[in-house]
Every structure is written in C-alpha cells, then in structure tokens.
Asks: 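I have a structure here, written as structure tokens, and I will follow up with some questions on it.
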Amino acid sequence: MSSNETPRGPVDSSRIPRYAGPATFARLPRLDEVGTADVAVVGVPFDSGVSYRPGARFGGNAIREASRLLRPYNPAQDASPFALAQVADGGDIAVNPFNINEAVDTIEAAADELLGTGARLMTLGGDHTIALPLLRSVAKKHGPVALLHFDAHLDTWDTYFGAEYTHGTPFRRAVEEGILDTSALSHVGTRGPLYGKQDLTDDEKMGFGIVTSADIYRRGADEVADQLRQRIGDRPLYISIDIDCLDPAHAPGTGTPEAGGMTSRELLEILRGLASCNLVSADVVEVAPAYDHAEITSVAASHTAYELTTIMSRQIAAARKDA
Ligand SMILES: N=C(N)NCCCC(=O)O
Ligand SMILES: [Zn+2]
Ligand SMILES: [Zn+2]
C-alpha cells in the first residue's frame, strides 16, 4: 500500500454477521485482494516437528475462526490497527508434512518472498519448528535480530532422536547460525521440569536471559515489560509466542502443556508494554485445537496476534508520518 491509499479493513460486522463467510484473520481481506500488505498474516500448517501431542497443523485456521470477534479499535493501545496500515491474510504456506528439511526450506522461501514485498510477518503456526526458517528469513533482511521468546519451554535443546529440526530445538539452531543478536535474547514464561540442570547452563551460554513464569507472578507485567524493553532497546525485534507460555487453564489446546503458567491477561499486558519496540515480525505457534475447549486457546492466540499486529501497524504508520 502506498502512503496515500486507505487500507482496506475487515468486513463490516454491522452488515455481515461475524460468523458468516470464510474466516480470514480478523475478517481482513485476503492478500490477493489487496495486492501487497504492510503486515501479512500467514498460516503455517506444519506439526511434523512435535515431541508429544500432534495437531498444531490445525492451529492457524483455528486462530482465524476465533478471530472473527476481534473489533477494529484496540483501546489498550489506542489504535485502529487495520486503518493505520494494510493488514491482510496471506493464506497458508503449503509445506511437506513428510519431510521436515524440505518444509523448513519452503517456509524460509515463502517468508523471503513476503518480506521482499516490504511486509512484516504475523505468522500463525504450526509447531515451534517454524520459528527457525522465519528467523533465517528475517535475519537476511535485518541482520541478527533481538528475540523475545514466550514459552513454557527453552526450545534450545540440541536434538531429538538425532533430529536437528524439531519444535524443541529452533533457538539453538538459530544461535549456531548467527541469526540472533545474542546481546538481546530472552525467554519469558518458562517453567516446569527439565532434562537436567545442564539445559539451563547451555541456554545461558547461548546468551539467553530468563523471565520465568514465577517471576511474572512476583514482579508483575509492567515491571517485566520495562526490563525487557530496556534489554531490547531499538534493535530489530522478533517475538515468538508459543501459546503454551500460558497456563493450561488459559491454553489447554496445545501439545506440551505445563502447569503454573501466566494468564492471558499477563501475556497481553506484557506485549502492550513492548509497544515502542521495533517489532519486525512475529509468530504465534503451538495451538492444537483438538485439545481445546470452547476456543479458549484459539481466542487467546487470536488476541495475542491482534496485539502484535497493532504494535506493527502503529510503527508503520509512525514511520510514514516521519518520512
Ligand atoms: N512446545 C515446544 N515448542 N517445545 C516443547 C518440547 C518439550 C519436550 O519435548 O520436552
Ligand atoms: Zn512450549
Ligand atoms: Zn516452543
């Protein structure tokens, strides 16, 4: 979209009921209806990298379905994200479910193409494996990026059954490949049993800081967001959100649930506290609707993607104003 065009927003819910018609994210236009977008929301229906319960391949479409009720004005950030910038649904990246290496390459190539049009990416997973090719692509454009990783898990393990590309290993691969800015890496929301203490030692050596789920409970969302913002500064930032960062009460529909997580309110508040960061792209992964109830998980994921999209749209609009 050029700066003097008005973005095409969601379907008007006062004329066409929200539950009618095919679901796109937030009832936004499809990317092919608007040509190019400032923010492309794309699904990655891939879950061949999971170590426990499968089903995240259905996550993207579950999030789209649950996003029908999102409204155009976001009071928490005082912004109308879909009026400030063109946000559009780019559909799904079709990936090979039987060949993880090929799937990883396909995701990277598709992300290259979308980022090449000038869009920022809001990806809906899919399992956490997909963060690696997305980070590779983002780093080609921006250089090594700061990473905020919301998750119950570290996802910096080495291999599973000898496999390098799995949902428990994307961030170790990313550090090895030099595509992360190791001065600004944080896990947020981690908890639960590990394989051994060495997991933490290895993780720290890679450069990660950790804000545990218990830290959030003790210190509160505002203080945590302030600390993260200071660490990130104005570096290009990628946010990766594994929905299992939330407590299973707030996100039962996921493959590797861990007790004692943050609430969806805490997650949304931390994200709002990061609104001034230079968010270049983001993902929300690990929504597995088969284990969900009443769309609890996919509603939380859709609101999470909405906050992330709002941050990106506000920055795009502010940059246009300055130009
Ligand atoms: N949910 C993600 N991304 N990773 C969980 C891996 C935990 C495990 O297999 O021990
Ligand atoms: Zn996880
Ligand atoms: Zn994860």
Side-chain angles (χ1 to χ4, degrees), residues 44-60 62-63 100 103-104 107 123-135 147-175 180 185-200 202-203 206 208 210-214 216 238-264 266-267 270 282-292 297-298 300-301 304-305 308:
V44 185
F46 172 84
D47 65 4
S48 308
V50 300
S51 56
Y52 201 56
R53 304 195 292 208
R57 66 180 61 180
F58 298 106
I63 297 169
I100 298 184
V104 163
I107 296 163
T123 311
L124 311 175
D127 77 49
H128 225 152
T129 311
I130 70 168
L132 176 65
L134 294 169
L135 283 166
L147 172 70
L148 272 186
H149 167 222
F150 290 78
D151 205 318
H153 309 101
L154 301 168
D155 289 356
T156 51
W157 287 293
D158 192 3
T159 56
Y160 281 78
F161 291 79
E164 284 185 305
Y165 299 151
T166 79
H167 79 153
T169 58
F171 303 116
R172 181 183 290 236
R173 295 291 92 79
V175 170
L180 298 180
L185 307 179
S186 295
H187 304 295
V188 187
T190 51
R191 61 190 185 276
L194 299 171
Y195 297 98
K197 199 164 182 170
Q198 191 64 33
D199 295 356
L200 292 171
D202 291 350
D203 189 80
M206 287 176 235
F208 281 91
I210 294 186
V211 179
T212 66
S213 173
I216 297 165
Y238 186 93
I239 298 185
S240 184
I241 301 191
D242 184 328
I243 206 66
D244 73 26
C245 69
L246 300 180
D247 190 87
H250 293 262
T254 196
T256 43
E258 310 281 349
M262 70 182 99
T263 65
S264 46
E266 285 168 326
L267 172 60
I270 294 172
D283 64 58
V284 179
V285 298
E286 298 284 346
V287 173
Y291 317 102
D292 207 7
T297 314
S298 44
T304 301
L308 293 165

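For ligands, and for the atoms within them, numbers begin at 1 and follow the listed sequence.
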Asks: Within ligand 1, which atoms have a heavy atom of Asp242 less than 4.0 Å away?
Replies: 1 (N), 2 (C), 3 (N)
Asks: Is the number of heavy atoms from other residues, nucleotides or ligands within 6.0 Å of CZ (Phe208) greater than 12?
Replies: yes
Asks: What are the two closest non-hydrogen atoms of Pro248 and Ala259, and how far apart are they?
Replies: CD-CA, 4.0 Å
Asks: His187 and Leu154: which non-hydrogen atoms are nearest, and at how many Å?
Replies: CE1-O, 3.1 Å
Asks: What are the two closest non-hydrogen atoms of Ser264 and Ala300, and how far apart are they?
Replies: CB-CB, 4.4 Å
Asks: Using a 4.0 Å heavy-atom cut-off, say whether His153 meets ligand 1 through its side chain, its backbone, both or neither.
Replies: side chain
Asks: Going by the order shown, which atoms of ligand 1 are within less than 4.0 Å of some heavy atom of Asp244?
Replies: 1 (N)
Asks: Among protein heavy atoms, which sits nearest to atom 10 (O) of ligand 1, and what does the distance come to when rounded to 0.1 Å?
Replies: Tyr195 OH, 2.3 Å
Asks: Between Thr156 and Asp202, is any pair of side-chain heavy atoms under 4.5 Å apart?
Replies: no
Asks: Over all heavy atoms of both residues, which pair between Met206 and Leu185 is shortest? Give the atoms and the distance, please.
Replies: O-CD1, 3.8 Å
Asks: Return the number of protein N, O or S atoms with a distance to the Zn ion (ligand 3) smaller than 2.8 Å.
Replies: 4
Asks: May I ask which of Phe171, Tyr52, Tyr160 has a heavy atom nearer to atom 8 (C) of ligand 1 than the others do?
Replies: Tyr160
Asks: Tell me the protein heavy atom at minimum distance from atom 4 (N) of ligand 1, and give that distance in Å.
Replies: Asp155 OD1, 2.9 Å
Asks: Does a side-chain heavy-atom distance below 4.5 Å link Pro170 with Thr129?
Replies: no
Asks: Which residue and atom name correspond to the protein heavy atom nearest atom 9 (O) of ligand 1, and how close is it?
Replies: Ser51 OG, 2.4 Å
Asks: Which of the numbered atoms in ligand 1 are below 4.0 angstrom from a heavy atom of His128?
Replies: 3 (N)
Asks: Taking all non-hydrogen atoms of both residues into account, name the closest pair between Pro252 and Arg53 and its distance.
Replies: O-NH2, 3.7 Å
Asks: Are Trp157 and Leu194 side-chain neighbours, meaning at least one heavy-atom pair lies under 4.5 Å?
Replies: yes
Asks: Tell me, which protein residue and heavy-atom name are nearest atom 2 (C) of ligand 1, and how many Å apart are they?
Replies: His167 ND1, 3.3 Å
Asks: Around atom 1 (N) of ligand 1, find the nearest protein heavy atom and jot down its residue, atom name and distance.
Replies: Thr256 OG1, 2.9 Å
Asks: Is any side-chain N of the basic residue among Arg191 and Asp151 closer than 4.0 Å to the acidic one's carboxylate O?
Replies: no
Asks: How close do Asp158 and Thr169 get, heavy atom to heavy atom, and via which atoms?
Replies: O-CG2, 3.3 Å
